[in-house]
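By convention in this document, chain letters (A, B, ...) are assigned in the order of the sequence lines, proteins followed by strands, and residues within each chain are numbered from 1. Reckoned from all heavy atoms, side chains included, excluding hydrogens, waters and symmetry mates.
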2 protein chains.
Amino acid sequence: MVTLAEVAQHAGVSASTVSYVLSGKRSISTITRQRVEQSIRELGYHPNAGARALASSRSNIIALMVPLRTDMYVPVMMEIAIAVATTARTHGYDVLLLTGEEGPDAVRRVTGSGLADAMILMDVELDDERLPLLRGTDQPSVLIGLPADTTGLTCVDLDFKATGALCVEHLAMLGHRDIAVIGEAPAVYERHTGFAERTLDGLRSRAQELGVRLLHRPCEGGYDAMAVTLARILDERPGTTGFVVQNESAVEPLLALLRQQGRAVPEDVSVVAVCPDQVAMQASVRLTSVAIPAQEMGRHAVERLVAKLDGRGADEVVLIAPELAVRASTGPAPSGTS
Amino acid sequence: MVTLAEVAQHAGVSASTVSYVLSGKRSISTITRQRVEQSIRELGYHPNAGARALASSRSNIIALMVPLRTDMYVPVMMEIAIAVATTARTHGYDVLLLTGEEGPDAVRRVTGSGLADAMILMDVELDDERLPLLRGTDQPSVLIGLPADTTGLTCVDLDFKATGALCVEHLAMLGHRDIAVIGEAPAVYERHTGFAERTLDGLRSRAQELGVRLLHRPCEGGYDAMAVTLARILDERPGTTGFVVQNESAVEPLLALLRQQGRAVPEDVSVVAVCPDQVAMQASVRLTSVAIPAQEMGRHAVERLVAKLDGRGADEVVLIAPELAVRASTGPAPSGTS
DNA sequence: ATAGGATGTCGAAGCGCTTCGACAGCTTTC
DNA sequence: GAAAGCTGTCGAAGCGCTTCGACATCCTAT
């Protein structure tokens with residue numbers, strides 16, 4: 001293993017000079033810099049991470065805590081994780097992957113050991129037990145998702161309230177007056193992961209403003225659960241012509257069931273989904289949808305975090321504006337309804 | 001930040017004694033151990049990761065390199081990643097998440113800097129450019145997936161050849177004589193990711209042994225591509241009654257298309273999938289399938305790696321035996337065929 | 001009674017790096 | 001032409017831990 005000292009000797013300078021070449025924290029003459037860089041290349045030198053962390057008390061590592069649970073739509077998590085890793089690298093950071101399994105202990109461990117300089121938490125619950133720890137430490141952190149109380153925290157998330165509003169608006173504009181919302185599994189609501197509630201909030205308030213009737217039903221996803229849910233909805237509100245779906249595993253079943261019942265999309269009923277673009281594009285009908293901007297969320301989170309690590313940037317809540325892409329699953333409400 | 005020295009002082013012992021309590025590398029009297037442990041708890045001490053890494057030249061970190069590309073089925077990757085992280089923790093290791101983006105450079109960087117003690121590589125190509133580097137270093141590594149030449153490497157993967165054989169066997173046993181294989185996207189074959197070829201190999205050789213006719217067609221996935229592929233297959237081999245699908249995004253489209261054409265599953269045609277159990281269970285017909293044992297692969301990989309780090313265990317190829325779960329998508333071939 | 005072996009603890013030497021203060025050799029300034 | 005300021009480089013201290021050899025102590029076997 002090549003060390004700094006060996007590079008210094010090879011280049012005929014002192015160790016500190018090599019260090020300054022590497023960090024750029026003091027000016028070095030061009031000629032010396034080049035000699036040092038040459039030696040580094042020739043010897044294939046890589047600074048030792050441990051020594052560096054010890055001496056500088058910076059590990060250049062960002063911890064990313066992903067949920068262990070897999071009832072959330074997994075590809076989104078993965079996409080965020082990859083965006084985080086990629087963006088972190090462009091800022092000189094590596095990413096440590098923590099699962100939610102350890103819970104708050106992981107926060108303590110990572111903070112206490114100086115393993116990471118900062119943390120990103122995914123899948124934050126409204127009243128997450130890790131939050132007090134984060135507030136109590138001076139280690140920067142960013143949440144992906146929104147807890148109930150955001151004071152003293154930096155959060156990044158899609159603006160789900162605006163998302164809900166946008167979906168209703170789109171359907172209302174097309175003349176739909178009876179809209180059903182197919183939501184996440186009941187467990188998601190019970191767990192108080194805020195996004196589902198915020199979406200509903202946006203849906204409801206905008207629906208009221210626009211004078212649209214709204215019926216919300218959580219759904220486990222899968223064919224059987226969807227069949228039951230749909231039957232109940234149509235029983236209760238036979239005039240339903242618009243659907244908003246916020247549950248990836250209910251999308252395809254819903255389309256199949258509608259087809260099976262002879263209800264054409266978008267001629268008879270319209271469907272708007274809140275889901276990753278990939279799902280919207282690969283469905284049997286190309287779905288009008290609001291995308292979950294996974295990459296953007298990951299990127300934003302890292303950038304906020306790096307800003308904090310550099311002493312720039314304060315606590316703030318970044319809500320990404322939703323964008324509705326109109327595709328083939330929505331159209332004017334059939335005449336004669338409501 | 002609490003240090004070892006402070007713990008030592010608090011407990012009235014020397015620093016080295018505390019260190020030995022922590023590592024267990026020398027025997028410590030019960031009374032001393034307890035005093036030290038008490039102090040550790042009271043002070044909330046966490047050993048500094050950097051200092052530890054520097055002094056012991058072990059970082060207790062395993063690097064996991066995941067593919068950047070997302071044309072593979074993402075949930076499987078995620079499940080493996082989580083299994084790796086979870087298993088690693090039970091052995092006292094943390095996991096560093098690297099994306100394939102940096103390619104071989106990441107291997108050099110991590111190896112050179114001592115950031116990680118070992119590596120796990122996912123999505124290995126047959127002739128992966130990272131392999132020479134791995135062979136040339138003394139840092140332990142495990143591949144998830146099988147390259148062309150495995151000498152000097154440790155690999156973990158599903159036995160895809162046996163998987164292919166198993167699928168054919170099952171269909172043949174049920175009396176199917178004309179089987180179509182719907183494979184991954186052409187790009188996957190072109191990239192020479194071995195698993196697709198190995199499955200095909202198993203399918204073909206067993207089909208020949210059993211006197212079954214086999215037709216293989218790659219497929220991009222999605223409805224449109226599947227429609228084209230299916231039409232071609234039925235045109236070329238109208239008597240096809242069995243399907244083997246190795247492409248998650250083709251499964252549901254295939255079922256929908258068959259239904260649409262009035263071919264009942266499993267009465268008229270049988271379908272076997274090679275996919276994660278979750279996909280098989282959530283499909284519109286519960287699919288007979290061979291599961292991709294993501295968790296098991298992640299776990300095995302870490303365990304092999306830890307064995308190597310402990311000086312136990314040598315290079316070897318671990319092929320996980322496939323298991324076929326019979327569900328509702330396969331049945332006896334309709335009489336009068338072939 | 002005493003040599004020899006366990007057993008438990010300590011001191012000190014690094015691990016490879018960053019960073020601070022010092023300083024030699026320049027250039028600028030009046 | 002001397003004071004003052006820059007620039008570029010160096011030496012040394014120290015980050016918090018592991019680990020090796022040394023050394024008491026106590027036990028066991030002669």
- Which nucleotide in the set dG16(D), dT18(D), dC17(C) lies at the smallest distance from any side-chain heavy atom of L4(B)? dT18(D)

- Query: Within the structure, does a side-chain N or O atom of K25(A) lie under 4.0 Å from either OP1 or OP2 of dT19(C)?
  - Reply: yes

- Query: Any side-chain donor-acceptor pair under 3.5 Å between Q38(A) and R35(A)?
  - Reply: no

- Query: T17(B) side chain: which of dT7(D), dT9(C), dC17(C) is closest?
  - Reply: dT9(C)

- Query: When the nearest nucleotide of DNA chain D is assigned to T30(A) and to S16(A) on a heavy-atom basis, which residue is associated with the more 5' position?
  - Reply: T30(A)

- Are the side chain of T137(A) and the backbone of L133(A) linked by a donor-acceptor contact shorter than 3.5 Å? no

- Closest to the 5' end of DNA chain C, once S29(B) and Y20(A) are matched to their nearest nucleotides, is S29(B)

- Query: So which nucleotide from dC15(D), dC10(C), dT18(D) ends up closest to the side chain of S56(B)?
  - Reply: dT18(D)

- What's the CG-P distance between N48(A) and dC17(D), to the nearest Å? 16 Å

- Item | Distance in angstrom units between Q9(A) CD and dG16(C) C1', rounded | 15 Å

- Item | Flag side-chain contact, heavy atom, 4.5 Å: V84(A) against M122(A) | no

- Item | Separation of dC15(D) C1' from H46(B) NE2 (nearest whole Å) | 19 Å

- Note on the structure: Against the side chain of R52(B), the closest entry in dG8(C), dG16(D), dC17(D) is dC17(D)

- Item | Sugar-phosphate only, base, or nothing, as touched by I28(B) at under 4.0 Å among non-hydrogen atoms | sugar-phosphate

- Message: Could you tell me if the side chain of D310(A) sits less than 4.5 Å from the side chain of H91(A), heavy atoms only?
- Response: no

- Message: Closest approach to the side chain of S19(B), judged atom by atom: which nucleotide of dG14(D), dT18(D), dG11(C) is it?
- Response: dT18(D)

- Message: Without decimals, in angstroms, what is the distance between R35(A) CZ and dG8(D) P?
- Response: 14 Å

- Query: Heavy atoms under 4.0 Å, any strand shown: does T3(B) hit a base, just sugar-phosphate, or nothing?
  - Reply: sugar-phosphate

- Task: Can you check whether any acceptor in the base of dT7(C) is under 3.5 Å from a donor in the side chain of R26(B), or vice versa?
- Result: no

- How close or far is atom P of dT9(C) from atom CZ of R33(B), stated in whole angstroms? 9 Å

- Task: Side-chain contact test, heavy atoms from C-beta onward, threshold under 4.5 Å: evaluate it for L115(A) versus H46(B) and give yes or no.
- Result: no

- Query: For the pair made of CE in M1(A) and P in dG14(C), what is the distance, rounded to whole Å?
  - Reply: 21 Å

- Would you kindly give the CZ-to-P distance between R58(A) and dG16(D), to the nearest whole Å? 16 Å

- Message: On the side chain of T32(B), is there an atom forming a donor-acceptor pair with the base of dG8(C) - under 3.5 Å, no angle test?
- Response: no

- Can you tell which of dG8(C), dG16(D), dC17(C) lies closest to the side chain of A51(B)? dG16(D)

